[in-house]
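Read the structure below first, then the notes.
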Number of protein chains: 2
Amino acid sequence: MSSETRERILNEATELYLRDGFDGFSMRALARSVGVTAPALYRHYASKENVLHEIMGEAFRRLSNKLYEALAEPTPHDRFRRAVSGYVDFALENPRLYEVLFVPPTMMGEGELPESVQAQGCAVGQFFDDRVRECVAAGVLRDDQVAPTLWAHTHGMVSLYLRGRMAQRGIDSPERFREVFEASTTRVLEGLGGPAHGVEGDGGDSDAAA
Amino acid sequence: MSSETRERILNEATELYLRDGFDGFSMRALARSVGVTAPALYRHYASKENVLHEIMGEAFRRLSNKLYEALAEPTPHDRFRRAVSGYVDFALENPRLYEVLFVPPTMMGEGELPESVQAQGCAVGQFFDDRVRECVAAGVLRDDQVAPTLWAHTHGMVSLYLRGRMAQRGIDSPERFREVFEASTTRVLEGLGGPAHGVEGDGGDSDAAA
DNA sequence: GTCTATAATCCGATAGAC
DNA sequence: GTCTATCGGATTATAGAC
């Protein structure tokens with residue numbers, strides 16, 4: 001069946017990318033891994049760029065699965081915090097998959113992203129928007145404009161750490177990074193809302209403190 | 001002279017990268033631009049990877065020059081805000097130079113960065129640390145732990161915008177982005193310190209509000 | 001010492017036979 | 001769907017001319 005082969009190719013492609021990185025990834029090596037010759041791949045994927053886009057889609061899918069675990073938590077605040085920590089977990093445990101999510105268009109070819117992949121990217125953004133909206137409704141966050149702020153802070157911290165740009169400050173291990181990240185997030189959250197400042201959690205909706 | 005040729009090669013390499021991006025960059029095209037044959041380049045640079053590292057160094061140098069303009073401002077707070085806005089200006093006006101600063105190691109080859117380039121990266125971080133420390137001394141910011149927080153927020157916002165990850169929220173023009181970024185930064189700063197919350201600016205040290 | 005010329009090796013992608 | 005054969009182009013090393 002066609003989609004079966006496609007799937008096997010994508011699995012091998014993902015593993016190959018995870019093992020050898022971006023510049024070790026070639027259609028010929030992929031063909032060797034799959035056990036066919038290179039031209040056969042073009043029956044399933046239009047181009048190398050196309051395969052890379054699908055790897056990106058796969059990465060989004062895995063990230064989404066990780067994020068959805070947060071929905072098991074009981075309160076909006078817990079769901080939000082677990083979504084953020086799940087996001088960081090994913091990035092630290094799968095740095096290459098995380099990197100491919102934000103690769104500059106310059107490096108993946110000039111072509112547009114397939115709609116399906118773009119939709120998966122939007123879904124991740126939407127997930128955070130929903131978590132934030134929940135928190136706003138519960139009085140934990142001040143307003144729903146903070147979603148980009150919080151996402152940017154999280155992505156920025158992870159991104160700078162993964163590129164070793166924090167080693168100069170002694171932040172050179174995952175453990176140390178988590179400490180710094182938690183502290184930074186708490187700092188940002190305290191300012192961004194919660195009963196401490198703007199919103200009175202008079203209803204006493206349980207999960208107030210960071 | 002040797003270093004003269006090296007410099008000319010680097011200039012051409014930077015222009016070529018700016019024009020054609022990462023995957024349009026090749027040693028052959030570079031040689032054509034310079035006016036020599038490809039193998040001649042290897043007398044001056046050990047590899048393509050080496051040239052890319054030097055482009056990264058050049059990008060850091062230009063960013064530093066932009067940042068240093070902030071030192072012309074009179075107060076710590078003004079210097080800090082202008083450093084941040086200069087940082088954003090640089091990123092929006094030179095998106096490809098900004099991208100090369102944070103390119104994943106996976107995509108530039110496995111080799112380590114030259115020490116000189118790494119030092120230039122540290123210098124940028126140090127510059128922000130200094131601006132923050134100044135602000136702490138002036139009572140504008142609460143403590144100097146916020147430097148990574150602010151840098152991460154700034155880099156995260158810029159990075160997500162440049163990758164089109166904010167278009168889904170209608171943030172698809174530089175003007176709109178600047179609005180959102182300013183609002184987000186102000187939000188973060190209000191929480192992170194200043195007379196409004198933690199620190200009383202009783203001395204009334206002039207530059208208090210964002 | 002600096003550059004050129006040649007060549008080995010790999011890559012992406014296509015055409016056409018089975 | 002897969003193969004063989006092949007094209008055009010890229011990186012990189014080596015050998016030799018100025």
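These figures come from a predicted structure and were not determined experimentally.
Per the geometry, OH belonging to Y45(B) stands 16 Å off P belonging to dT11(D), to the nearest Å. Rounded to an integer number of Å, the gap from CG of L30(B) to P of dC3(C) is 13 Å. We find that CG of L16(A) is positioned 11 Å from P of dC11(C), with the value rounded to whole Å. In this structure, M108(A) atom CE and dG12(C) atom C1' are separated by 16 Å, rounded to whole Å. Here dA10(D) presents its C1' atom at 8 Å from NZ of K48(B), a figure rounded to the nearest Å. Regarding M27(A), its CE atom lies at a distance of 13 Å from the C1' atom of dT14(C), rounded to whole Å. Here dA13(C) presents its P atom at 9 Å from CD of E49(A), a figure rounded to the nearest Å. Per the geometry, CZ belonging to R32(B) stands 19 Å off P belonging to dC3(C), to the nearest Å.
Both tests hold for R6(A) against Y45(A): distance to the six-membered ring centre under 6.0 Å, angle to the ring axis within 45°.
A donor-acceptor distance shorter than 3.5 angstrom exists from the side chain of R8(B) to the backbone of V34(B), with no hydrogens or angles considered.
When heavy atoms are screened at a 4.0 angstrom cut-off, A40(B) is found touching base atoms of the nucleic acid.
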(Q) Would M108(A) and M56(A) count as a side-chain contact (heavy atoms from CB on, under 4.5 Å) here? Give the steps. (A) CA-CA 10 Å; M108(A) 294 258 296; M56(A) 194 168 158; 4.0 Å; yes
Q: Applying salt bridge (Lys or Arg N to Asp or Glu O under 4.0 Å), run through R61(B) and E58(B) and close with a yes or a no.
A: CA-CA 5 Å; R61(B) 220 169 295 125; E58(B) 174 68 18; 2.5 Å; yes
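Position along DNA chain D of the nearest nucleotide to V36(A) versus Y42(B) favours V36(A) as the more 5'-ward residue. Each of R43(B) and S47(B) lies near DNA chain D, and the nucleotide nearest S47(B) is the one positioned closer to the 5' end.
You'll find a donor-acceptor pair under 3.5 Å spanning the side chain of R28(A) and the base of dG12(C), going by distance alone.
Atoms OG1 and CG, on T75(A) and D78(A) in that order, are 3.0 Å from each other to the nearest 0.5 Å.
Nearest nucleotide to the side chain of S26(A), out of dG12(C), dA15(C), dT11(D): dG12(C).
At the phosphate of dT2(D), neither OP1 nor OP2 sits under 4.0 Å from any side-chain N or O atom of T37(A). Side-chain N/O atoms of H44(B) include none lying less than 4.0 angstrom from OP1 or OP2 on dT2(C).
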